[in-house]
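By convention here, the first residue in the shown sequence is residue 1.
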Amino acid sequence: VDVGDFMVESGGMTFMTPELVTTRTRVLDYFRAVRKTVPDDHILFSFEQSMAPGNETKLVQQLCFVIGFPEHDLPQLVTGERPEAVDNFPELEMLRDVVFMLKFLTAPSNAAMPVIRHWMQVETKLAWRCSEGTYEVVAFGKTLRPAAVHEAGRQRRSGAAPAAWSGGSSRVECEEDVLKLDNFHLPTFQGKLAAREGELLLSYLTAPYLRIPLILDMFATPRHVQLLALPDVQHLIDSVVFEP
């Protein structure tokens with residue numbers, strides 16, 4: 001299973017306890033190690049790329065060969081429309097649903113997410129079928145398609161990324177990029193931060209981990225401590241301190 005999207009999306013999440021950060025690191029280390037040894041044609045449930053049946057049909061075909069099931073309508077074995085596989089191997093159904101929800105919930109946009117309201121348990125159950133060579137998954141009163149959401153592009157940006165504070169300049173990855181910015185691209189926080197200080201702030205943000213003491217020290221000075229009352233500055237510091 002490929003969890004690349006989880007790695008990217010969780011990179012902008014805030015983790016308030018060290019245990020959560022180390023747990024994320026261990027999970028990603030495990031899947032990275034597995035991914036290095038597993039070829040692409042063995043990756044299952046790539047729903048973020050396409051809802052067409054993929055390598056999981058090869059898996060159920062092997063199950064058919066070993067158990068003696070007829071080797072036809074393999075996608076229907078994955079969806080459960082042919083119940084032989086999920087009845088004899090319920091863990092296959094559980095893994096399918098867990099991976100699907102992981103891919104769906106780590107989508108880069110919330111445009112396709114269910115409406116926020118109270119849902120009954122029966123409404124949240126994933127109903128699978130394969131129609132015209134494509135998996136269809138219905139839950140929360142709608143058809144869920146991770147691939148369609150990923151095609152729309154990523155909309156979430158880390159609050160600790162220099163590009164988030166560079167006034168619309170999307171490519172700020174190193175100190176050299178910061179030096180090339182015009183003054184109107186530098187953060188001022190309602191005019192309370194000088195251009196030189198805004199440039200210094202962006203430079204700090206280009207240094208992972210080192211940015212934590214540098215940013216905290218910057219806003220701990222008598223000149224800047226009053227900026228902590230601004231929501232943007234609070235968001236910046238939360239992101240710097242608590243994002244992995």
ask   = Can you tell me how far the CZ atom of Arg24 sits from the OG atom of Ser10, to the nearest 0.5 Å?
value = 3.5 Å
task = Using atom types as modelled and distance alone, determine if a side-chain donor or acceptor of Asn55 lies under 3.5 Å from a backbone N or O of Ile43.
result = yes
message = If the threshold is 4.0 Å, N to carboxylate O, is there a salt bridge linking Arg117 and Glu123?
response = yes
task = Kindly indicate, with the supporting measurements, whether the criterion side chain to side chain contact (heavy atoms under 4.5 Å, CB included) is fulfilled by Asn88 and Phe69.
result = CA-CA 11 Å; Asn88 288 276; Phe69 298 146; 3.5 Å; yes
ask   = Could you walk me through whether Lys103 and Asp5 pass the salt bridge (charged side-chain N to carboxylate O under 4.0 Å, His left out) check?
value = CA-CA 7 Å; Lys103 301 296 179 76; Asp5 287 308; over 6 Å; no
query = Just wondering, do Arg26 and Asp29 contact through their side chains at under 4.5 Å, heavy atoms?
reply = no
request  = Compare every heavy atom of Ala161 with every heavy atom of Leu205, then report the nearest pair and how far apart it is.
outcome  = CD1-O, 4.4 Å
message = Any side-chain to backbone donor/acceptor pair from Arg145 onto Val137? Under 3.5 Å, distance only.
response = no
query = Which atom pair, heavy atoms only, marks the closest approach of Val3 to Leu28?
reply = CG2-CD2, 4.5 Å
CE (Met16) with more than 12 external heavy atoms under 6.0 Å = yes
message = Rounded at 0.5 Å granularity, tell me how far CG in Leu44 sits from CG in Leu95.
response = 7.5 Å
task = Give a yes or no on whether the backbone of Glu243 and the side-chain of Asp238 come within a donor-acceptor separation of less than 3.5 Å.
result = no
query = Got a sec: does the NE2 of His72 have more than 12 other heavy atoms crowding it under 6.0 Å?
reply = yes
ask   = So which of Lys36, Arg32, Arg35 actually passes salt bridge (Lys or Arg N to Asp or Glu O under 4.0 Å) with Asp2?
value = Arg35
remark   = Taking every heavy atom of Lys142 against every heavy atom of Met113, the minimum-distance pair comes out as NZ-O, 3.7 Å
task = Using the side chain to side chain contact (heavy atoms under 4.5 Å, CB included) rule, take Leu126 and Arg96 through it: C-alpha gap first, then chi angles, then the decisive distance, then the call.
result = CA-CA 10 Å; Leu126 302 182; Arg96 178 202 67 192; 5.7 Å; no
remark   = CZ of Phe6 to CE of Met13, rounded to nearest 0.5 Å, is 6.5 Å
inquiry  = Taking the side chain as everything from C-beta on, heavy atoms only, tell me whether Phe89 gets closer than 4.5 Å to Ile67.
reply    = yes
query = Side-chain contact, heavy-atom cut-off 4.5 Å: Leu202 with Leu186?
reply = yes
key: Side chain to side chain, Thr37 and His42, heavy atoms closer than 4.5 Å   = no
request  = Please assess Val241 against Phe15 for the test side chain to side chain contact (heavy atoms under 4.5 Å, CB included), listing each intermediate value before the final yes or no.
outcome  = CA-CA 9 Å; Val241 174; Phe15 296 88; over 6 Å; no
inquiry  = Main chain of Leu228, side chain of Gln234: is a donor-acceptor contact present, judged purely on distance under 3.5 Å?
reply    = yes
message = Is the shortest side-chain heavy-atom distance between Leu236 and Leu201 below 4.5 Å?
response = yes
query = Is it the case that more than 12 heavy atoms not belonging to Lys125 sit under 6.0 Å from its NZ atom?
reply = no
ask   = Side-chain contact, heavy-atom cut-off 4.5 Å: Val34 with Val1?
value = no
message = Give me the atom names and distance for the closest heavy-atom approach of Cys130 to Pro53.
response = SG-CG, 4.1 Å
inquiry  = Main chain of Ser166, side chain of His185: is a donor-acceptor contact present, judged purely on distance under 3.5 Å?
reply    = no
query = Any side-chain heavy atom of Phe104 sitting closer than 4.5 Å to one from Pro114?
reply = yes
ask   = Do Arg129 and Thr79 have side-chain atoms, one donor and one acceptor, less than 3.5 Å apart?
value = no
note = On a heavy-atom basis, the closest approach of Phe100 and Met51 is CE1-CE, 3.8 Å
With Phe140 via ring pair (Phe, Tyr, Trp, His ring centres under 6.0 Å) - residues at least two apart = Trp119
query = Backbone N or O of Asp217 within a donor-acceptor pair of the Thr221 side chain at under 3.5 Å?
reply = no
ask   = Taking it one step at a time, do Ile237 and Leu216 satisfy side chain to side chain contact (heavy atoms under 4.5 Å, CB included)?
value = CA-CA 8 Å; Ile237 294 178; Leu216 293 180; 4.0 Å; yes
task = Could you tell me whether a side-chain N or O of Glu19 sits under 3.5 Å from a main-chain N or O of Thr17, the two making a donor and an acceptor?
result = no
query = With the threshold set at 4.0 Å, does a side-chain nitrogen-carboxylate oxygen contact exist between Glu197 and Arg223?
reply = yes
ask   = Listed by chain and number, what are the side chain to side chain contact (heavy atoms under 4.5 Å, CB included) partners of Asp73, not counting sequence neighbours?
value = Gln76, Arg82
query = Going hydrophobic residue to hydrophobic residue with side-chain gaps under 4.5 angstrom, can you get from Val98 over to Met101?
reply = no
task = Kindly compute the distance separating CG (Leu227) from NE2 (His224), expressed to the nearest 0.5 Å.
result = 6.0 Å
request  = Would you list the pairs meeting ring pair (Phe, Tyr, Trp, His ring centres under 6.0 Å) in which at least one residue belongs to residues 197-223, sequence neighbours left out?
outcome  = none
key: Gap between atom CG of Leu200 and atom CG of Leu214 - 0.5 Å precision   = 8.0 Å
inquiry  = A side-chain contact here means heavy atoms from C-beta on lying under 4.5 Å apart; do Asp41 and Lys58 qualify?
reply    = yes
remark   = All heavy atoms of Val78 vs all of Phe45, minimum pair found to be CG1-CE2, 4.4 Å
inquiry  = Classify the ring geometry of Phe47 against Trp128: parallel below 30°, tilted from 30° to 60°, perpendicular beyond 60°.
reply    = tilted
